[in-house]
Amino acid sequence: MPTRLTNYFLKTLREDPSDAEVTSHRLLVRAGYIRRQAPGIFAWLPLGLRVKAKIEAIIRDEMTAAGAHEVHFPALLPKEPYEVTGRYVDYGDGMFRLADRRGVGYVLAPTHEEVFTLLVKDLYNSYKDLPLSIYQIQDKYRDEARPRAGLLRGREFTMKDAYSFDYTDAGLDVSYQAQRDAYERIFTRLGLEYVIVKADAGAMGGSKSEEFLHPTPVGEDTFVRSAGGYAANVEAFTTLVPAALPTEALPAPTVFDSPNTPTIQSLVALANAGQPRADGREWTAADTLKNVVLAVTQLDGTRELVVVGMPGDRDADLKRAEVAFQPAEVEPANDDDFAKFPGLIKGYIGPWVEGGEKPVLGEESTTGIRYLLDPRVVTGTPWITGANEAEKHVFGLIAGRDFTADGFVEVADVRDGDPAPDGSGPIETARGMEIGHVFQLGRKYAEALGLKVLDENGKLVTVTMGSYGIGVTRILAIIAELNNDDKGLIWPKAVAPFDVYVVATGKDPAVYAAAENIVADLEASGRDVLFDDRPKVSPGVKFRDAELIGVPRIVIVGRGVADGTVEVWNRTTGDRVEVALDGVVAAL
RNA sequence: CGGGGCGUAGCUCAGCUUGGUAGAGCGCUCGGUUUGGGACCGAGAGGUCGCAGGUUCGAAUCCUGUCGCCCCGACCA
């Protein structure tokens with residue numbers, strides 16, 4: 001049966017909703033696909049559900065092809081499994097927590113690793129049962145600090161989450177690859193451009209992780225890629241470490257007076273004015289060692305100061321710092337922090353002090369503060385840096401000879417032109433929106449929840465897992481974001497809510513009779529038809545609605561009927577052609 | 001959580017500076033005309049002006065507080 005507008009649950013809006021800013025949000029609300037319920041939470045109307053179902057069908061198809069089986073968990077779950085793995089705490093404010101009438105704790109699941117693990121533990125005991133891949137398409141809940149951009153970042157969203165279970169690392173590699181391949185097919189079928197980048201596993205834990213990013217300037221993730229094929233989320237980017245240099249024959253460091261030079265810029269200016277380089281080149285910020293003081297707060301509330309030394313032309317990237325120190329929070333040290341460590345002279349911090357028995361920072365330091373270095377600060381490199389006395393800096397301080405560190409850390413910002421760590425050339429940075437993420441979780445969850453099987457030798461082994469997510473509703477929004485014009489949405493055929501939109505115009509009964517025949521023909525040919533059969537609506541309104549709703553093929557039945565023709569309109573290309581009444585199906 | 005903007009009819013908004021009977025367009029209902037690009041005429045229905053307190057003879061308008069929403073940032077498997 002065709003869907004008739006005379007009794008469909010659809011109301012389009014003539015004007016843009018005032019609370020919608022981004023294109024996808026604006027058009028999906030205006031065209032009657034979704035309605036806002038609360039910030040980041042949307043009701044799905046019939047049109048929206050149809051598009052969502054189309055996307056889900058493609059995902060199901062490829063999941064089945066990849067050997068995964070569909071299950072379905074509640075969104076409302078007991079909190080205990082999340083306490084066992086630690087995520088009840090680790091997830092922080094991002095998780096919705098609630099209690100029933102008796103005060104028993106529940107969560108609205110932000111993701112389902114724990115309960116999938118427990119389900120498999122309930123049912124499986126033997127390696128013969130493995131490998132296993134199961135998935136669901138379910139709504140997820142995250143208490144986002146600021147939901148935004150309609151469906152693009154909501155507090156409730158639909159996700160396909162799959163989990164693989166293997167008892168060997170090699171098996172996990174195979175399961176992971178199967179999902180990864182399925183993702184490539186899914187995004188290709190959806191017509192979504194994607195880049196696979198190395199990712200940080202974050203709070204999920206685990207070893208290997210890759211993100212599928214849709215490149216777009218409005219994306220929330222920054223990623224890098226090289227012409228040679230390297231691609232990584234900026235948070236997972238690692239620095240190409242230069243070779244160490246010999247320290248013999250290098251002159252001793254020299255301290256010099258540097259009044260009023262608390263910044264790298266002023267230091268470079270002073271150096272060029274007072275201490276010109278022997279080779280005639282100018283000193284630059286990259287010749288200085290900037291020592292950034294960070295406050296690292298652990299989950300239990302412990303606050304630790306850490307000093308990170310990096311080339312002076314770089315800034316600390318707090319997101320990369322969060323990854324480096326996770327799960328702790330990182331922020332720049334404040335005045336109170338500095339007050340506790342009078343040995344740190346702001347603007348003149350350095351690892352070394354003239355005549356000091358022990359270093360100020362580094363191994364066996366007098367301050368005891370953890371000192372970490374950017375990987376570029378390799379043994380043998382000379383630096384201009386603070387001398388740890390007010391208004392004094394030091395020249396020619398040699399890494400590895402004059403100072404050491406407690407370790408190395410990836411905190412410095414990443415730039416266009418930086419070399420890729422795999423030697424594939426300079427990288428460029430770009431923005432992307434995360435549409436999928438695949439993880440090798442390893443044994444973190446199975447270990448915590450006790451998922452073990454007996455192997456071929458009768459020994460208990462802990463299962464190794466993978467977790468694979470696709471943001472269904474986010475994808476729908478991105479497709480809407482990509483496929484529209486000033487008149488409205490223009491769905492790709494693969495996800496359009498209907499195949500054909502038939503408009504009957506005028507009030508001539510012959511026109512409506514002809515339209516009914518065409519609709520019947522289209523339905524008989526297997527097309528889903530949305531039929532605008534509203535009798536008292538003017539043609540202008542009907543055309544506007546057809547354009548707004550964005551079904552890719554529109555058939556206009558009207559004045560041409562007298563001559564035995566109708567108009568077939570390709571919304572995607574804008575082409576409109578006259579065809580005979582009985583030639584509509586063939587013309588599509 | 002920091003910064004900015006906004007809460008008036010179902011929707012989009014005006015009115016607030018300078019206090020004095022609550023408005024427009026669209027949408028909706030009824031009658032009539034109209035039907036290939038958001039038609040027209042006539043008659044209607046519809047609002048505790050976010051909420052609370054205060055000032056005042058009188059508050060949508062002024063003051064205080066509070067709640068909510070949107071945007072930017074922080075945050076974001």
Side-chain angles (χ1 to χ4, degrees), chain A residues 11-22 25-26 29-30 32 35-41 82 85 87 90-95 109-114 140-150 152-155 157 159 161 199-206 209-211 219-221 233 235 318-319 322-323 326-327 329-332 433-439 441 444-445 467-471 474 487-488 503-509 511-512 532 534-548 554 556-562 565-567 569 576 578:
Chain A
K11 221 35 144 168
T12 58
L13 305 180
R14 183 176 291 223
E15 286 168 283
D16 285 335
S18 63
D19 62 353
E21 194 87 358
V22 302
H25 186 197
R26 213 182 73 237
V29 172
R30 251 192 86 187
R35 297 290 293 178
R36 197 192 73 98
Q37 292 300 297
I41 301 178
Y82 291 86
T85 57
R87 289 209 300 170
D90 294 357
Y91 225 101
D93 291 333
M95 184 152 63
T111 169
H112 280 75
E113 279 74 10
E114 282 81 354
K140 300 286 188 258
Y141 296 85
R142 290 186 196 168
D143 190 0
E144 294 286 346
R146 184 158 92 82
R148 67 182 81 182
L152 286 172
R153 175 165 291 283
R155 293 192 295 172
F157 56 95
M159 179 163 136
D161 46 323
D200 168 64
M204 299 291 291
S209 166
E210 291 170 293
E211 281 174 318
E220 298 173 312
D221 287 283
N233 190 298
E235 293 166 25
L318 284 181
K319 283 191 175 184
E322 295 266 357
V323 170
Q326 70 183 326
E329 288 182 18
V330 181
E331 59 185 328
M433 173 82 56
E434 184 179 1
I435 52 178
H437 203 152
V438 289
F439 293 91
L441 296 174
K444 171 182 170 175
Y445 292 88
S467 145
Y468 317 93
I470 288 182
R474 174 178 280 185
K487 300 286 203 307
V503 180
T505 66
K507 57 179 180 179
D508 182 352
V511 166
Y512 282 80
D532 189 348
R534 294 173 295 178
K536 291 187 176 175
V537 175
S538 69
V541 172
K542 290 186 172 187
F543 297 149
R544 295 271 186 178
D545 277 345
E547 286 167 315
L548 179 60
I554 300 165
I556 302 169
V557 186
R559 61 186 176 197
V561 167
T565 66
V566 296
E567 196 170 328
W569 179 7
R576 300 164 76 144
E578 298 270 320

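Quick note on labels: first sequence line is chain A, next is B, and so on, each numbered from 1. Keep in mind the model is a prediction, meaning the values are calculated, not measured.
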Those residues at least two apart in sequence (or on a different chain) that pass salt bridge (Lys or Arg N to Asp or Glu O under 4.0 Å) with A:D161 are A:K140

Residue set satisfying side-chain hydrogen bond (donor to acceptor under 3.5 Å, both in side chains) with A:E211, at least two apart, ordered chain then number -> A:N233

The contact string for nucleotides 2-7 of chain B, one letter per nucleotide 5' to 3', using protein heavy atoms under 4.0 Å with B, S and - for base, sugar-phosphate only and none, comes out as ------

Contacts of A:E21 meeting side-chain hydrogen bond (donor to acceptor under 3.5 Å, both in side chains) (sequence neighbours excluded), chain-then-number -> none

Contacts of A:R153 meeting salt bridge (Lys or Arg N to Asp or Glu O under 4.0 Å) (sequence neighbours excluded), chain-then-number -> A:E144, A:E220

Within the sub-3.5 Å range, which N or O atoms of nucleotides 24-31 of chain B have a protein N or O partner, and how far apart are they?
residue: B:G25; atom: N2; partner: A:E15; partner atom: OE1; Å: 3.3
residue: B:C26; atom: O2'; partner: A:R14; partner atom: NE; Å: 3.4
residue: B:G27; atom: OP1; partner: A:R14; partner atom: NH2; Å: 3.3

The side-chain contact (heavy atoms from CB on, under 4.5 Å) partners of A:P539 (sequence neighbours excluded) come to A:T505, A:F543

Listed pairs, N/O of protein and of nucleotides 41-47 of chain B, under 3.5 Å:
none

Those residues at least two apart in sequence (or on a different chain) that pass ring pair (Phe, Tyr, Trp, His ring centres under 6.0 Å) with A:H112 are none

Ranking B:A74, B:G37, B:C70 by distance to the side chain of A:W569, first place goes to B:G37

Residue set satisfying side-chain hydrogen bond (donor to acceptor under 3.5 Å, both in side chains) with A:E547, at least two apart, ordered chain then number -> none

side-chain hydrogen bond (donor to acceptor under 3.5 Å, both in side chains) filter on A:S18, not counting sequence neighbours, yields none

side-chain contact (heavy atoms from CB on, under 4.5 Å) filter on A:D93, not counting sequence neighbours, yields none

